[in-house]
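Below, chains carry the letters A, B, ... as their sequence lines are ordered, and counting in each starts from 1.
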2 protein chains.
Amino acid sequence: MTLQDAVHTHSDCSNCPIRHRAVCSRCDADELARLDNVKYYRSYEAGQPVIWAGDRMDFVASVVSGIATLTQTMEDGRTQMVGLLLPSDFVGRPGRDTAAYDVVATTDLTMCCFRKKPFEQLMAETPHIGQRLLEMTLDELDAAREWMLLLGRKTAREKIASLISIIARRGTSQKLSEVGGPIVFDLPLTREAMADYLGLTLETVSRQVSALKRDGIIVLEGKRRVTVPDFDRLVEETGDDSDGGMLV
Amino acid sequence: MTLQDAVHTHSDCSNCPIRHRAVCSRCDADELARLDNVKYYRSYEAGQPVIWAGDRMDFVASVVSGIATLTQTMEDGRTQMVGLLLPSDFVGRPGRDTAAYDVVATTDLTMCCFRKKPFEQLMAETPHIGQRLLEMTLDELDAAREWMLLLGRKTAREKIASLISIIARRGTSQKLSEVGGPIVFDLPLTREAMADYLGLTLETVSRQVSALKRDGIIVLEGKRRVTVPDFDRLVEETGDDSDGGMLV
DNA sequence: CACCGCGCTTGATTTCGATCAAAGTCTGAT
DNA sequence: ATCAGACTTTGATCGAAATCAAGCGCGGTG
């Protein structure tokens, strides 16, 4: 099996970037996994915690399906979401054995986990994995910096519009690239989780969602199902310049 | 010259982590540098721009001395700092040839630059460099997430206290680990730059600095020289729990 | 069916930080 | 020494979002 055998696929883990782009392309990793139980799947129900900040964390993982959040909490209870993990996102830090953030499943969630020690060994032996991980980490850092602009300088309305457009971009079934048509999807977050993402209160989130609805930027069916009739109009509300986040 | 020759040093670049920890340890990199002009130094005066977002960026670099900032600007002029580069910090992204942020020298600044193409080749050939870079990027991501908590949930006073404690920790001549004694240093940022860091206005920064002074948390000589008589008291004002940011 | 509990919305009021405005301080140049 | 200009402080007022407080809608359960 060669490095170029890109067509090679596995049944369970079609979203896992480590396995497919880095590990599986050499396949010896699969051997390792089978022999040593390095790799395993774990599922969580919506609302369940995956791990708490400070807990021992002896694995790294990649989200297969569902959504998880990373949050930080101050001792008086104020909380800020600092990561939103969608399918194919990676969590865990090689070289650290304690979780730095609370990780919670906000929808039903399946993760593809690798025991940390052997994974680190694998990384040392397989340059591809490290490179891929660096690339992903740099992407996350860029996302974090975009997020910092949102938290520090955007108005409540801009924050809401930004979040909806992010979810529409990343959380929808791939092909929304054919522009023009309306976009429909379910919000995977409660108002409270949205507030934690945006550095707002849930009341303000609710009010601003209502305002965007009133102004025809979005249409709501029930509380969660969103239709965006004109994506460009939504993007105008974000305050971003029009080529929004396309850093390339 | 062996990989283990850790004592080996070079005259110019004592802070550059790439050169010393990853490149220089093999020394062939130095050969490469000499032959091909891969590595060079560049100095900027306080206030000078290093590069603008969107510009072609054909190098990566490491800060040798001085301080630079990464900032993002919205088209209506609102700006948010998204990175503060202190000596030994790395800037630039392998695999991208356009700057994503404005980089500005806030003090006189010297950087150690590597032309990007050969640097990438070097990375491909030298696993150490990629690993070191991953480690540094993960650290930056953690710092960004800490910063997100600050932007999203802290009060103005907590923000100021946090920034001062960050600068005291990172920006002071190493050994402040001997706790207890007062800490003295110069703020390397104007009130406006502090405001851009914290997601505040410069007036609010000024007021809160005055308030911390009034309350004896800090002592000011002139506008910039700060004395922190009791570091623990400062940390109490940050809202962080006492082991502040010590992720290990 | 009625009752709960949870997530959400909406209204009234308060508050913290932004904005507008003016004056003070330091530095470096003429 | 004086002056210009950048940086900073302080005051007065305003406004966006937080806080406090009901009340709604809906799915699950006794």
Side-chain angles (χ1 to χ4, degrees), chain A residues 45-48 69 74 76-80 104 106-107 150-164 186-215 218-226 237 239, chain B residues 45-48 74 76-80 104 106-108 150-164 186-215 218-226 237 239:
Chain A
E45 284 172 31
Q48 280 190 325
T69 61
M74 297 169 69
D76 63 1
R78 282 175 281 174
T79 73
Q80 174 64 52
V104 177
T106 60
T107 64
L150 177 150
L151 289 170
R153 295 303 186 192
K154 288 190 178 179
T155 64
R157 169 181 263 246
E158 289 169 339
K159 286 178 175 183
I160 298 287
S162 299
L163 176 55
I164 292 176
D186 285 315
L187 287 174
L189 302 175
T190 65
R191 298 288 183 264
E192 187 177 21
M194 292 172 69
D196 285 344
Y197 185 109
L198 299 170
L200 298 171
T201 59
L202 68 90
E203 293 95 328
T204 298
V205 170
S206 181
R207 272 185 251 275
Q208 295 298 334
V209 168
S210 299
L212 290 177
K213 185 172 78 174
R214 174 171 38 69
D215 298 344
I218 59 173
V219 180
L220 284 181
E221 288 172 69
K223 311 298 183 186
R224 295 297 192 87
R225 167 136 304 191
V226 177
E237 297 289 339
Chain B
E45 284 172 30
Q48 279 191 324
M74 297 169 70
D76 64 0
R78 283 175 280 173
T79 73
Q80 174 65 51
V104 178
T106 59
T107 65
D108 289 346
L150 177 149
L151 289 171
R153 296 301 187 192
K154 290 189 177 180
T155 64
R157 168 182 263 245
E158 288 169 340
K159 286 178 175 184
I160 299 286
S162 299
L163 176 56
I164 292 176
D186 285 315
L187 286 174
L189 302 175
T190 64
R191 297 288 182 264
E192 187 178 22
M194 291 172 70
D196 285 344
Y197 186 109
L198 300 170
L200 297 171
T201 60
L202 67 89
E203 293 96 328
T204 299
V205 170
S206 181
R207 273 186 250 276
Q208 295 298 333
V209 169
S210 299
L212 289 177
K213 184 171 80 176
R214 175 172 36 71
D215 298 345
I218 59 173
V219 179
L220 285 181
E221 289 171 69
K223 311 295 182 186
R224 296 299 193 84
R225 167 134 306 190
V226 177
E237 297 289 338

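Listed by chain and residue number, B:Arg157 satisfy the salt bridge (Lys or Arg N to Asp or Glu O under 4.0 Å) test with B:Asp215 (two or more places apart in sequence, or in another chain). Judged as a salt bridge (Lys or Arg N to Asp or Glu O under 4.0 Å), and not counting sequence neighbours, A:Arg224 has no contacts. In this structure, the side chain to side chain donor-acceptor pair (under 3.5 Å) partners of B:Thr155, at least two apart in sequence or on a different chain, are B:Glu158. Judged as a side chain to side chain donor-acceptor pair (under 3.5 Å), and not counting sequence neighbours, B:Asp108 has no contacts. Considering only residues two or more places apart in sequence or on other chains, A:Thr204 meets the side-chain contact (heavy atoms from CB on, under 4.5 Å) condition with A:Ala156, A:Leu200, A:Thr201, A:Gln208. Every residue meeting the side chain to side chain donor-acceptor pair (under 3.5 Å) condition with A:Thr79, not counting sequence neighbours, appears here in chain and number order: A:Asp196. The side chain to side chain donor-acceptor pair (under 3.5 Å) test applied to B:Lys223 returns no partner, not counting sequence neighbours. Partners of A:Arg207 by salt bridge (Lys or Arg N to Asp or Glu O under 4.0 Å), not counting sequence neighbours: none found. With sequence neighbours left out, the salt bridge (Lys or Arg N to Asp or Glu O under 4.0 Å) criterion links A:Arg191 to no other residue.
No engagement by B:Gly47 is indicated, since no non-hydrogen atom pair under 4.0 Å with the nucleic acid exists. When heavy atoms are screened at a 4.0 angstrom cut-off, B:Arg224 is found touching the sugar-phosphate backbone but no base atom. Counting any heavy atom pair closer than 4.0 Å across all strands shown, A:Thr201 reaches a base atom.
Close approach of DNA chain C to chain B, defined as any atom under 4.0 Å from a non-hydrogen atom of the protein, starts and stops at C:dG17 to C:dC20. When DNA chain D is scanned 5' to 3' for any atom under 4.0 Å from a heavy atom of chain B, the first and last hits are D:dT8 to D:dA12.
Of all non-hydrogen atoms in B:Lys159 and B:Leu150, the two that sit nearest each other are CE-O, 3.3 Å.
Less than 4.0 Å separates DNA chain D from at least one heavy atom of each of the following residues of residues 202-209 of chain B: B:Leu202, B:Glu203, B:Ser206, B:Arg207.
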